[in-house]
Undergrad: 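Sharing a structure, written as structure tokens. Questions coming.
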Number of protein chains: 2
Amino acid sequence: MSRSPAHERGPVRLRDVAELAGVATGTVSNTINHPERVHPRTRVVVEDAIRTLGFVPNQQARVLTGAASSVIGLVVLDVESPFYMETAHALERAVRESGNVVMLCNSEGDLEREEALLTMLAAQRVRGALLAPATPDAHADRYLNLPGNLPIVLLDFDGGDEHCSVTVDNVSGGALAINHLLGLGHTRIAFLGGSPNLRQFRQRAKGARGALQAAGLDPREHLTEVSVSGIGIRDGQQAAELLLESGVPDAIFCGNDMLAFGAYRALTSAGLSVPDDVAIVGYDDIEFAKDWVVPLTSIRQPIASLGQHAAQLLLEHSAGDDAHEHRHVVLEPELIVRSSSDRRRATTA
Amino acid sequence: MSRSPAHERGPVRLRDVAELAGVATGTVSNTINHPERVHPRTRVVVEDAIRTLGFVPNQQARVLTGAASSVIGLVVLDVESPFYMETAHALERAVRESGNVVMLCNSEGDLEREEALLTMLAAQRVRGALLAPATPDAHADRYLNLPGNLPIVLLDFDGGDEHCSVTVDNVSGGALAINHLLGLGHTRIAFLGGSPNLRQFRQRAKGARGALQAAGLDPREHLTEVSVSGIGIRDGQQAAELLLESGVPDAIFCGNDMLAFGAYRALTSAGLSVPDDVAIVGYDDIEFAKDWVVPLTSIRQPIASLGQHAAQLLLEHSAGDDAHEHRHVVLEPELIVRSSSDRRRATTA
DNA sequence: TCATGTAGCGCTCAGCTGGTC
DNA sequence: AGACCAGCTGAGCGCTACATG
């Protein structure tokens with residue numbers, strides 16, 4: 001009468017194990033959750049039964065009886081963007097270390113889709129959600145009335161008093177880039193990414209202007225801001241081509257690394273050398289940056305740290321701790337100098 | 001007595017809605033699942049109550065009562081590899097179109113981790129799992145006794161009679177690349193990726209040898225196979241540097257695009273021009289390929305199609321259809337010619 | 001025709017029985 | 001006889017289906 005697990009219909013239940021072991025269901029439950037409460041003799045019998053039947057407890061039923069869910073939702077804008085994927089990976093790592101798992105969802109920058117996903121996650125009664133808002137400029141209000149009051153932590157987005165958040169200081173990152181370029185003697189600088197509708201880019205531009213002012217230079221004179229329509233290589237290339245029509249700057253600071261790769265293509269196509277004619281600085285320091293044809297100087301976001309903080313905030317937040325204080329963690333980016341801005345730098349690292 | 005959803009403790013239950021609406025729980029359930037069975041007047045009342053309470057049905061409880069889960073697990077080797085991410089995205093898209101959601105898990109090429117993830121997915125009672133096996137050479141046997149007999153579909157891995165699978169013909173892809181290079185007049189070809197432990201690479205190499213033979217050329221004479229230790233840009237660069245020590249080939253066919261980028265770096269560092277001195281062909285046609293400094297000729301995997309087939313197979317498989325016939329879908333790759341092998345080609349596309 | 005009541009999905013936990021020393 | 005421990009029983013988690021009114 002032994003039924004091979006692989007050929008059964010429907011999953012094995014606790015009760016099946018109990019029957020085979022000749023004990024009550026509660027005893028099986030106990031050997032799984034409180035082994036010390038059950039006599040070693042019985043325990044062995046039950047464990048054998050579990051093994052021969054290939055029993056895997058139904059997590060949904062467990063959660064229904066009050067156990068905390070071990071699933072954490074992660075909603076990102078764009079699963080294909082290298083930066084978001086690296087971030088997702090870091091988050092996954094941090095979440096895993098806490099014994100939970102990530103359910104990765106892609107909002108594709110669509111507000112409705114984001115809402116649908118949050119509802120879905122609430123319906124799944126996940127433990128909480130990490131959310132990289134889909135809107136360039138969503139009001140924090142947007143997340144005030146979450147479906148099923150799902151605990152969330154906002155990524156790279158300041159949620160005001162109502163939510164926890166982990167952000168990286170974009171203003172400071174912009175300043176970092178500009179100060180580096182000024183230090184190299186460049187004063188005719190372009191910022192590629194002056195797209196009006198992306199908050200991160202706007203903040204980086206603000207940091208850039210601030211750094212120029214702090215150095216006693218008028219941004220209107222020394223910083224040309226160029227809009228981009230998207231955030232990919234092509235967009236960067238087009239924008240840089242446009243920029244070159246009105247003169248060659250000393251340096252181009254790009255809103256992200258993909259744009260920087262595009263700028264590189266435009267410059268070399270125009271017969272210009274990087275960094276001799278024009279220096280380039282990117283942003284994000286994605287994996288590709290260090291291995292680009294000319295290794296790219298970039299502003300590195302502290303992804304691993306971001307993941308850890310976000311995971312920890314969410315776990316605290318969802319711990320059921322009644323009076324939860326919403327916290328905001330702000331992390332600092334870091335300048336990584338490579339040969340796209342400074343020929344003296346080694347190719348590696 | 002109206003409790004604002006955002007300030008409640010614990011999620012709203014069906015019963016809360018029923019109380020507020022002054023009906024029985026069954027009626028609320030009906031207005032959600034079988035609206036036609038409930039009187040319009042009552043329906044409005046219930047719907048109002050649902051809205052004011054912000055009620056989101058507990059999906060776990062639903063599944064417990066027999067509903068099919070709408071979660072599909074996706075286990076991949078490496079969430080940071082561009083190719084896997086593009087594949088994951090395609091799968092997600094296909095799964096979403098079927099009204100389900102993906103739970104993305106990262107096995108990181110680790111067998112134990114893969115097993116733990118499959119058990120976790122079984123415990124979550126997901127509808128099924130899509131699995132890109134973590135082993136270079138796992139026996140299909142490995143997946144014979146799955147925890148909780150989780151329905152699975154194998155990706156890019158032939159599971160024999162015991163599982164459904166969707167694969168792309170790597171042998172044919174290898175041949176495609178070689179025939180293209182032969183057509184350009186190249187006969188001293190290197191295959192970069194002769195790593196002995198990656199099945200995909202072995203199959204591509206096999207296709208390459210076959211194509212040479214079919215053209216009446218002895219592979220031992222015309223094809224130099226170079227091992228790589230990994231699958232990243234650095235690995236490709238190192239392998240290509242090593243290769244150049246023993247002479248410059250007409251063309252390099254790489255096991256994937258990242259290796260090809262690395263080979264490109266090695267060639268240009270050595271003062272060689274692509275494609276004039278050496279042609280390069282990659283594999284996978286990742287997003288980056290078309291925008292590399294010299295746009296890369298590559299073998300494109302039909303990712304979208306792979307996603308659709310895999311999702312469909314899994315849905316069929318998990319439909320509970322008793323006598324399920326395991327099916328194997330084999331897709332054909334496609335040659336995308338760009339300027340890394342043929343200067344006459346436009347930069348775009 | 002429409003709403004109600006109830007059983008039960010798989011599991012856990014508090015409370016209990018009954019056998020031992 | 002009282003203390004104790006192993007294991008059993010049953011209610012209930014949130015929801016749906018089905019048989020009634």
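Here is the naming used below: chain letters follow the sequence lines, and residue numbers restart at 1 for every chain.
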Undergrad: So what does A:Val63 hit on the nucleic acid, given a heavy-atom distance under 4.0 Å: a base, only sugar-phosphate, or nothing?
TA: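 Nothing: the residue A:Val63, judged by heavy atoms under 4.0 Å, touches no strand.
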
Undergrad: Between atom CD in B:Glu36 and atom C1' in C:dC2, what is the gap in whole Å?
TA: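 Distance, rounded to whole Å: 12 Å.
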
Undergrad: Taking only distance into account, with no hydrogens and no angle test, what donor-acceptor pairs under 3.5 Å do side-chain atoms of residues 19-29 of chain B form with protein atoms, sequence neighbours excluded?
TA:
from    : atom 1 : to      : atom 2 : distance (Å)
B:Ser29 : OG     : B:Asn33 : ND2    : 3.4

Undergrad: For nucleotides 8-21 of chain C, give me one character per nucleotide, 5' to 3': B if any protein heavy atom sits under 4.0 Å from the base, S if the only such contacts are to the sugar-phosphate, - if neither.
TA: BBBBBB--------

Undergrad: With side-chain hydrogen bond (donor to acceptor under 3.5 Å, both in side chains) as the test, would you mind laying out the steps for B:Arg125 and B:Ser69 before giving the verdict?
TA: CA-CA 7 Å; B:Arg125 297 295 191 266; B:Ser69 166; over 6 Å; no

Undergrad: Checking the side chain of B:His309 only, and the main-chain atoms of B:Ser305 only, is there a donor and an acceptor separated by less than 3.5 Å?
TA: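 Yes, B:His309 side chain to B:Ser305 backbone: donor-acceptor pair under 3.5 Å.
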
Undergrad: Kindly compute the distance separating CD1 (A:Ile50) from OG1 (A:Thr31), expressed to the nearest 0.5 Å.
TA: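 Output value for this atom pair is 4.5 Å.
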
Undergrad: With no hydrogens and no angle check, is any side-chain donor or acceptor of B:His163 less than 3.5 Å from a backbone partner on B:Tyr143?
TA: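 Checking the backbone N and O of B:Tyr143 against the side chain of B:His163, a donor-acceptor pair under 3.5 Å is found.
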
